[in-house]
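A short worksheet on the structure shown next.
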There are 2 protein chains.
Amino acid sequence: MSVQERKERERAARERLIVATARELAEEQGWDAVTTRRLAERIEYSQPVLYSHFRGKREIIGAVALEGATEMAAAMRAAAAAADGPHARVTALARAYLDFAARSPAVYDALFRLDGGLVFADEETPQPLKDAFAALLETLDEVAGDGVDPGLFTEVFWAALHGLATLSRAGRLLPEDAERRVELLVDRLAVV
Amino acid sequence: MSVQERKERERAARERLIVATARELAEEQGWDAVTTRRLAERIEYSQPVLYSHFRGKREIIGAVALEGATEMAAAMRAAAAAADGPHARVTALARAYLDFAARSPAVYDALFRLDGGLVFADEETPQPLKDAFAALLETLDEVAGDGVDPGLFTEVFWAALHGLATLSRAGRLLPEDAERRVELLVDRLAVV
DNA sequence: TCGATTGTCTAGCGGTGCTAGGATCGAAGG
DNA sequence: CCTTCGATCCTAGCACCGCTAGACAATCGA
């Protein structure tokens, strides 16, 4: 059975290569540049190989998104853990979120702007996505305020961050005020 | 000169037809379905005619966006004017914004999600976009709070609304809590 | 009436996501 | 060791995309 195991290992390695390459290409030149032909050429296989791993381009985007969700959750937890006190924790969380969106725009797009065929706010939501939301919730729970459902509060806070992230990147907000916007948002939304 | 005037009128009418048809098609089947071929067929002209009015598909999206910005500004002003007191005004504004995004998703996408070649937060920003931001500012000015720049406050509030609008439509937020999210957002952000 | 200009269309270019079908290669059985 | 056979991969091609060159017809001014 060792032969078959080796093949499966190789196959899994190639799948990781596809996802990693798609991500690279997307970060370098944007998702529009991630065509099945270019992607296939970069991994040095022909196009149909991609379709033996994924149903289509959408699923590849989804795979990048899941990978990104895990990293994002880790980044947010690390930032929150390094801060003292509720207010500082929330600020650090917000900065980490926006930082991730700014540093990895392609991954952020895969997660929240493009259609990666992922299901949200549902039982069938993949674990990494649930976990990213949980990472937000952990820190925001303590500043939701009395009588306010922490889940609801997290949704609103998340939406605000998402709005800042997307509008900033699209050049629809003045870049120099980014930090002031974060402070205003945290000061107003979080109940300390 | 009357012949030339007639021709210009007809040309302008056809341009309006293009924009209106693109919008219709986008609302019916999404922007992906708005191809130059389909659009040309619907207006009963050949493809190249589109390019005698617009540089490309992107500019058509931009035209739909500008049209939408004017309507959105009017809707927000009407909603705010019909409410009494700062808190009610801001709530009405937020509802009007989210309502517009939900009712006209294609127009909202043209405005804020797709690349319509429009410039934001700049001197060259088209008037309808400036005016839509002004409509937000007018109502939010009175609830920005002491020592907070109304423009900055408006950006943050707008970003929050944008986040709610996009995440809701993408199925990333539970639909049934929409109203509660608006209330929470307004209660926290607006200083009355 | 004739030439020039304007307007529109047909046809086609290089690209996209995706797939059918044939070639090739390696593992298992005689 | 050789042969068979199944898995694996690639070539070639589909229908569609945004966009444009160049042919053609209609209209205008001289």
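Below, chains carry the letters A, B, ... as their sequence lines are ordered, and counting in each starts from 1.
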| task | Look at the side-chain N and O atoms of B:Ser46 and state whether any lies under 4.0 Å from the OP1 or OP2 oxygen of C:dT8. | result | no

| message | Which residues pass the side-chain hydrogen bond (donor to acceptor under 3.5 Å, both in side chains) test with A:Asp141, not counting sequence neighbours? | response | none

| request: With sequence neighbours left out, write down each residue that passes side-chain hydrogen bond (donor to acceptor under 3.5 Å, both in side chains) with B:Arg23, or none if nothing qualifies. | output: B:Glu67, B:Glu71

| message | Any salt bridge linking B:Arg172 with A:Glu155? Criterion: basic side-chain nitrogen under 4.0 Å from a carboxylate oxygen. | response | no

| request: Starting at atom CZ of B:Arg58, determine the distance to atom C1' of D:dC17, rounded to an integer number of angstrom. | output: 16 Å

| request: Output yes when at least one side-chain N/O atom of A:Arg55 is less than 4.0 Å from OP1 or OP2 of C:dG17, else no. | output: no

| message | Can you say whether a donor on the side chain of A:Gln47 sits under 3.5 Å from an acceptor on the base of D:dC10, or the other way round? | response | no

| request: Would you confirm whether A:Lys130, through its side chain, and A:Glu124, through its main-chain N or O, come within 3.5 Å as a donor-acceptor pair? | output: no

| How many Å lie between CD1 on A:Ile43 and C1' on D:dT8, as a whole number? | 14 Å

| field | Whole-Å distance separating the CG atom of A:Leu50 from the P atom of D:dC10 | value | 10 Å

| request: Select base, sugar-phosphate, or nothing to describe what A:Arg11 touches, counting heavy atoms under 4.0 Å on all strands. | output: nothing

| Under 3.5 Å, side chain of B:Glu59 to main-chain N/O of B:Gly117, donor-acceptor pair present? | no

| remark: Among C:dT8, D:dC17, D:dC9, the one nearest any side-chain atom of B:Tyr45 is C:dT8

| message | So, OP1 or OP2 of C:dT19: does either fall under 4.0 Å of a side-chain N or O from A:Tyr51? | response | no

| task | Could you tell me the separation between the NE2 atom of A:His53 and the C1' atom of D:dC10, rounded to a whole number of Å? | result | 14 Å

| request: Respond yes when some side-chain nitrogen or oxygen of B:Thr36 is under 4.0 Å from OP1 or OP2 of D:dG18, and no when none is. | output: yes

| In whole angstrom, what separates A:Asp32's CG from C:dG17's P? | 10 Å

| task | Indicate, yes or no, whether a donor-acceptor pair under 3.5 Å links the base of C:dG17 to the side chain of A:Arg37. | result | yes

| message | So B:Arg14, base contact, sugar-phosphate only, or nothing? Heavy-atom distance under 4.0 Å. | response | sugar-phosphate

| D:dC16 C1' sits how many Å from B:Leu39 CG, rounded? | 16 Å

| field | Whole-Å distance separating the CD atom of B:Glu10 from the P atom of C:dT6 | value | 17 Å

| message | Counting only side-chain nitrogens and oxygens, does B:Arg38 get under 4.0 Å of the OP1 or OP2 atom of D:dC17? | response | yes

| Nearest-Å distance, CD (B:Glu44) to C1' (C:dC9)? | 15 Å

| Of all the choices, C:dT8, D:dC19, C:dG17, which nucleotide is nearest to the side chain of B:Lys57 once you look at every atom? | D:dC19

